[in-house]
Amino acid sequence: MIERYTYEPMGSLWSDQTKFQKWLDVEIAACEAWHKLGKIPAKSLAVIKKKSAFTVERINEIEKDTDHDVIAFLTNVAEYVGPDSRFIHLGLTSSDMLDTAQALRMRDAADILIKELIKVRGILKKKARKYKKTPCMGRTHGIHAEPMTFGMKMLLWFAEFDRNIERMQRARESISVGKLSGAVGTYSNLPPEIEIETCKRLKLKPALISTQVIQRDRHAEFLCTIAVCGATIEKIATEIRSLQKTDTREVEEYFGARQKGSSAMPHKRNPITCERLAGLARILRANAMAGIENVALWHERDITHSSVERVILPDSCILLHYMLVRLGRVLENLLVYPDTMMDNINRTRGLVFSQRVLLALVDKGVAREDAYKFVQRNAMKVWQGKGADFKDLLAQDPEVAGLLSAQDIAGCFDLGYYLRNVDAIYKRFGM
């Protein structure tokens, strides 16, 4: 991932230095397991643990000749360890070490992502409480529907983040699996006890069954979970962008004193961060699809997944981390304009209360089809800019006024009626 979209500690986790360190962690854990079974002498294990080291530069230099990164790594480690290096990688195939080390990085990445998901969820909870009773316009198809509160938007996103945290926790469990079972998963050159002991030391669960690799449905689940989290971020960013439009302007991304919106138009205040987040979510979805395509391999393994994972795993983790950090900043500093929200509620001159009028007529015994006709014909006049406000037109309609008193009609335009159950919704979340 390019540096522009990389934040720590996620960037370091997916560096070459960390990658090779995780490889070494697996190899040493396997040596400890062999020692426990009596295969590696204590003296040799002590040398391995003390002298094992590597440099990224030297591994890359060796790989130019070997064209095999694992062999280059083992060769470099052996240069530090000496004769006792013969016990390193004992009975293992490359994927035993690679997939187990990859699990360590994915698990650590999941922990970082869960931490950021929880942070953003906390911001949303705070904002949901703050704007719990702030009326705003609810929209469907982009058209004014009925009043709601701005806090409910935040509460909706809070609930979705709750689910994303649960998803990420499940995905973390799914990918926290190691395997040391040999070339086709039969433990031909090492007993299952080595796998059990090695995974125990690394705090992973051993795969119940594997081929040469850990099965890629696990990785696909992780990548799909990342993509779903990205979709939630895109959902929030898209709503903020929509509400920031000049003709709406109910909220706005924070705009710094020295910030510039356009090279040509000095007046511009654009929702650039939310636009960026919406765009980056596309990459996460594309990577998830690549992860799904990695599930099907030839027989017990080929390497069509390998080159893909070198890109999509670090990129997806780094991008989602970046997106969560940036979304948190947007939400924390979001500019909210309650007065504009109220102006927009009133913008259609009472049309948004149409369902209350419809139901009031039905309560008077009018057939629903007739009640709908009475209300709609007056609503269409307002839409077309003809006549007075919706409430006044209804009072002037003989068929409506013959059934509903002026007080009845006025009662249909009570904003509080639409918000009367907000407290009940919040109580579901302990708020």
Side-chain angles (χ1 to χ4, degrees), residues 110-140 144-172 225-226 228-244 248-254 271 273-274 277-278 281 320-321 323-346 352-353 355-356 414-431:
D111 287 339
I112 294 170
L113 294 174
I114 290 169
K115 182 178 179 180
E116 289 302 326
L117 285 163
I118 291 172
K119 282 184 183 179
V120 177
R121 182 183 63 177
I123 296 170
L124 288 168
K125 185 175 185 178
K126 180 175 65 175
K127 298 292 184 177
R129 283 175 167 157
K130 181 176 181 178
Y131 298 109
K132 178 180 179 180
K133 295 296 179 69
T134 302
C136 73
M137 198 63 245
R139 299 169 175 88
T140 57
H144 286 200
E146 290 185 343
M148 56 181 293
T149 75
F150 187 66
M152 286 187 64
K153 288 181 184 285
M154 295 290 183
L155 187 62
L156 184 82
W157 300 338
F158 167 85
E160 193 158 334
F161 259 78
D162 240 3
R163 296 193 294 276
N164 280 329
I165 291 168
E166 293 174 3
R167 291 184 185 106
M168 189 61 71
Q169 288 169 338
R170 290 195 298 268
R172 180 192 186 279
T225 299
I226 288 175
V228 171
C229 292
T232 297
I233 294 172
E234 180 185 19
K235 171 183 181 175
I236 295 171
T238 298
E239 181 68 7
I240 292 172
R241 290 166 58 205
S242 177
L243 294 177
Q244 186 169 335
T248 307
R249 203 166 177 269
E250 294 181 356
V251 304
E252 192 176 25
E253 281 187 24
Y254 176 79
T273 301
C274 286
L277 296 177
L320 180 58
H321 180 246
M323 292 167 70
L324 287 167
V325 172
R326 296 298 297 189
L327 177 65
R329 294 178 187 175
V330 168
L331 292 170
E332 189 70 69
N333 300 298
L334 189 67
L335 303 175
V336 179
Y337 305 121
D339 290 343
T340 304
M341 292 177 181
M342 185 57 69
D343 289 342
N344 285 336
I345 290 174
N346 296 324
V352 297
F353 301 101
Q355 184 174 190
R356 283 283 288 134
D414 176 19
L415 179 62
Y417 178 89
Y418 286 84
L419 310 181
R420 70 192 191 283
N421 290 315
V422 170
D423 283 337
I425 297 170
Y426 270 66
K427 283 181 182 177
R428 297 171 182 171
F429 298 90
M431 292 192 226

- Item | Contact check, side chains of Asp414 and Arg356, non-hydrogen atoms, under 4.5 Å | no
- Message: Nearest 0.5 Å, please: how far is OG1 in Thr248 from OH in Tyr337?
- Response: 13.5 Å
- In Å, rounded to the nearest 0.5 Å, how long is the span from CG of Leu156 to CE of Met148? 7.5 Å
- Query: When rounded to the nearest 0.5 angstrom, what distance separates CG in Asn164 from CD1 in Ile226?
  - Reply: 11.5 Å
- Task: In plain terms, say whether Glu116 and Lys119 are close enough for a salt bridge, that is, a side-chain N and a carboxylate O under 4.0 Å apart.
- Result: yes
- Note on the structure: Taking every heavy atom of Tyr426 against every heavy atom of Met152, the minimum-distance pair comes out as OH-N, 3.7 Å
- Item | Pairwise side-chain contact, Thr273 with Arg329, heavy-atom cut-off 4.5 Å (strictly under) | no
- Note on the structure: Note: Ala237 and Ala278 closest approach over all heavy atoms is CB-N, 4.5 Å
- Task: Verify, without hydrogens or angle tests, whether Thr149 (side chain) and Lys132 (backbone) share a donor-acceptor contact under 3.5 angstrom.
- Result: yes
- Main-chain N/O of Met342 paired to Asn346 side chain as donor or acceptor, under 3.5 Å: yes
- Item | Nearest-0.5 Å distance that lies between atom CE in Met168 and atom CD1 in Ile112 | 11.5 Å
- Note on the structure: Heavy atoms of Gln244 and Pro271 approach each other most closely as OE1-CB, 3.5 Å
- Closest non-hydrogen contact found for Ile236 with Phe161 is CD1-CE1, 3.7 Å
- Query: Just wondering, do Cys229 and Leu113 contact through their side chains at under 4.5 Å, heavy atoms?
  - Reply: no
- Heavy atoms, side chains only, cut-off 4.5 Å: are Met154 and Arg129 in contact? no
- To the nearest 0.5 Å, tell me how far Leu117 CG sits from Leu320 CG. 6.5 Å
- Query: Of all heavy-atom pairs between Val228 and Arg167, which one has the smallest distance, and what is that distance?
  - Reply: CG1-NH1, 3.8 Å
- Message: I'd like to check Phe150 versus Leu243 (side-chain heavy atoms, cut-off strictly below 4.5 Å). Are they in contact?
- Response: yes
- Query: Could you walk me through whether Lys115 and Asp111 pass the side chain to side chain contact (heavy atoms under 4.5 Å, CB included) check?
  - Reply: CA-CA 6 Å; Lys115 182 178 179 180; Asp111 287 339; over 6 Å; no
- Task: Taking the side chain as every heavy atom from C-beta outward, state whether Glu252 and Thr340 have any pair of such atoms under 4.5 Å apart.
- Result: no
- Message: Counting C-beta onward and ignoring hydrogens, is there a side-chain heavy-atom pair between His144 and Ile345 closer than 4.5 Å?
- Response: no
- Item | Heavy-atom pair of closest approach, residues Leu415 and Pro147 | CD1-CB, 3.4 Å
- Enter the distance from Asn333:CG to Ile123:CD1 here, rounded to the nearest 0.5 Å. 8.5 Å
- Sidechain-backbone polar pair: Ser242 side chain, Thr238 backbone, donor-acceptor under 3.5 Å: no
- Under the criterion salt bridge (Lys or Arg N to Asp or Glu O under 4.0 Å), which of Glu146, Glu239, Glu250 is the partner of Arg139? Glu250
- Task: Give a yes or no on whether the backbone of Tyr417 and the side-chain of Arg420 come within a donor-acceptor separation of less than 3.5 Å.
- Result: yes
- So, do Ile240 and Leu331 sit near enough that their side-chain heavy atoms are less than 4.5 Å apart? yes
- Taking it one step at a time, do Glu160 and Arg163 satisfy side chain to side chain contact (heavy atoms under 4.5 Å, CB included)? CA-CA 5 Å; Glu160 193 158 334; Arg163 296 193 294 276; 3.7 Å; yes
- Message: My understanding is that only one of Lys153, Arg121, Lys126 makes a side chain to side chain contact (heavy atoms under 4.5 Å, CB included) with Phe158; could you say which?
- Response: Arg121
